[in-house]
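Nothing here was measured: the structure is a model prediction, and the numbers come from that model. Here is the naming used below: chain letters follow the sequence lines, and residue numbers restart at 1 for every chain.
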Protein chains: 2
Amino acid sequence: MSFFSYLSSLIHVSDSLKAELLSITEELNVGRNEPIVEINNRCNDLFFIEKGLVRGFYYEGGKEITNWFAQEGEFATCFYSFIAIKPAFETIEALEDSILIRIPHAGLEKLYLKFPETERVGRIITEAYYIKLEERLLSLQFKNAKERYQNFVLSKPSLLQRASLGQIASYLGITQETLSRIRAGSH
Amino acid sequence: MSFFSYLSSLIHVSDSLKAELLSITEELNVGRNEPIVEINNRCNDLFFIEKGLVRGFYYEGGKEITNWFAQEGEFATCFYSFIAIKPAFETIEALEDSILIRIPHAGLEKLYLKFPETERVGRIITEAYYIKLEERLLSLQFKNAKERYQNFVLSKPSLLQRASLGQIASYLGITQETLSRIRAGSH
DNA sequence: TACCGATTTTGATATTTGTCAAAAATATCT
DNA sequence: AGATATTTTTGACAAATATCAAAATCGGTA
């Protein structure tokens, strides 16, 4: 899904808004395993994913923990860094060759001021993300490892082929050994 | 903190905006243990808490699970119900005699259209809530029961006196027996 | 103040998941 | 295709936390 068709589904994109968007955004091609945002840097950009798959991860006890996956038609950023204007605690990398639209923070702020109706998009995106996060928290708090995995299979089936076992396990908050046993046990 | 002084810290509140706010909001007094939003109803309102303490909870396996606490100067709503326009999966109740400002969903939408600068407030509130939720998710995923409790003590010390052990335990995702043992063990 | 119900604490045991180590399977590169 | 690196699976055991039951404590009220 292109960035423009996504936006058009939320607000009317006038010619002048479109021109402004073109001037502040930039298309970015990243290869598989290529880092997009490095940990401890400021993440100044919001990325819309036109094609491909990216993930955010960080290290906890020396191990990579995948914090989120984002695929075609979704946004990716180190939300905390982007909003709070603090260094990113996570690295963003592409899991596949991907095409991203880069939206710099400063450009977005300019956009909000010049086209106040775009604040609506920012709010709607944030709300949607909040709900997803809330669902994930509830799942983590009340579902056991197997139930969480089953839920993942239902909600993100395409990622089963596109992400590794270890990446999925850490996203679900379990070890890869446990996930491997869950897969073996369910037939 | 009053609702108006809170708003004024984010945007300029003109006289006409103030008048509109007065027309769409309503002050609500609720007593201790009184329900504010019942489970399975639509939660059509956002509440700003001028005084008191409220919590959201639901039932999981027959037990009450406290999903959040909100005190003076914070907002409370069943976010999912309010945003997604679905029935609430949680009940909101006052833990103390409280004074709330009720902001109905329809009034808020009207406000966004009439005063586009208020979209900004909606976005900023949602962003702040997102970051808090993300911190909580990380805590749940990587901290053990004791660390989570210690973090709670540091970040919400006043709630230690105002909420019960069982309410705090379920909020932290542990049983009240475990929390009781944590308290006994740390001296 | 003494009682009653609710909340908190303590104890014994069970369950889930993690840890560490090694083997097996799979993917990658030349 | 073969060699090597990476990922996944399997096994034995350990740790954290849950469960169930009962005792102790607390708080409000007659």
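Distance, B:Glu60 CD to D:dT19 C1': 16 Å, rounded to whole Å. Across the protein-nucleic acid pair, B:Asn33 atom CG and D:dG27 atom P stand 16 Å apart, rounded to whole Å. Note: CG (A:Leu172) to P (C:dT17) measures 12 Å, nearest angstrom. Rounded to a whole Å, the CD atom of B:Glu147 is 9 Å from the P atom of D:dT17. Separating the NZ atom of A:Lys143 from the C1' atom of D:dA18 is a distance of 17 Å, rounded to the nearest angstrom. Atom pair A:Gln141:CD and D:dT17:P shows a separation of 14 Å (rounding to whole Å applied). When the C1' atom of C:dT9 is taken as reference, atom CG of B:Leu165 falls 9 Å away, rounded to whole Å. Rounded to whole angstrom, the span from the CZ atom of B:Arg181 across to the P atom of D:dT19 amounts to 12 Å.
Nearest nucleotide to the side chain of A:Arg32, out of C:dT19, C:dT28, C:dT16: C:dT28. Of all nucleotides listed (D:dT19, D:dT17, C:dT17), D:dT19 comes nearest to the side chain of B:Lys63. Considering only the side chain of B:Thr175, D:dT19 comes nearest among C:dG18, D:dT19, D:dT17. Closest approach to the A:Gln176 side chain among C:dT10, D:dT8, C:dT17 is made by D:dT8 (side chain taken as heavy atoms from C-beta onward). Looking at the side chain of B:Glu177, the nearest of the listed nucleotides D:dT19, C:dT17, C:dG18 is D:dT19. Counting only heavy atoms from C-beta on, A:Ser180 has its side chain closest to D:dT8 among D:dT19, D:dA12, D:dT8.
Taking the charged nitrogens against the carboxylate oxygens, A:Arg123 and A:Glu127 do have a contact shorter than 4.0 Å, which makes a salt bridge.
Residues satisfying the side chain to side chain donor-acceptor pair (under 3.5 Å) test with A:Arg162, not counting sequence neighbours, are A:Gln71, A:Glu72, A:Glu96.
Using the six-membered ring where Trp is involved, B:Tyr80 and B:Phe89 have ring planes that are tilted, between 30° and 60° apart.
A cation-pi arrangement is absent between B:Lys146 and B:Tyr149, since the terminal nitrogen or guanidinium carbon is not both under 6.0 Å from the aromatic centre and inside a 45° cone about the axis.
Comparing B:Ile174 and A:Thr178 along DNA chain D, the residue whose closest nucleotide (by nearest heavy atom) sits nearer the 5' end is A:Thr178.
At least one donor-acceptor pair under 3.5 Å links the side chain of B:Ser81 to the backbone N or O of B:Lys86.
Residue contacts shown for A:Leu179 are absent, as no nucleic acid heavy atom lies under 4.0 Å away.
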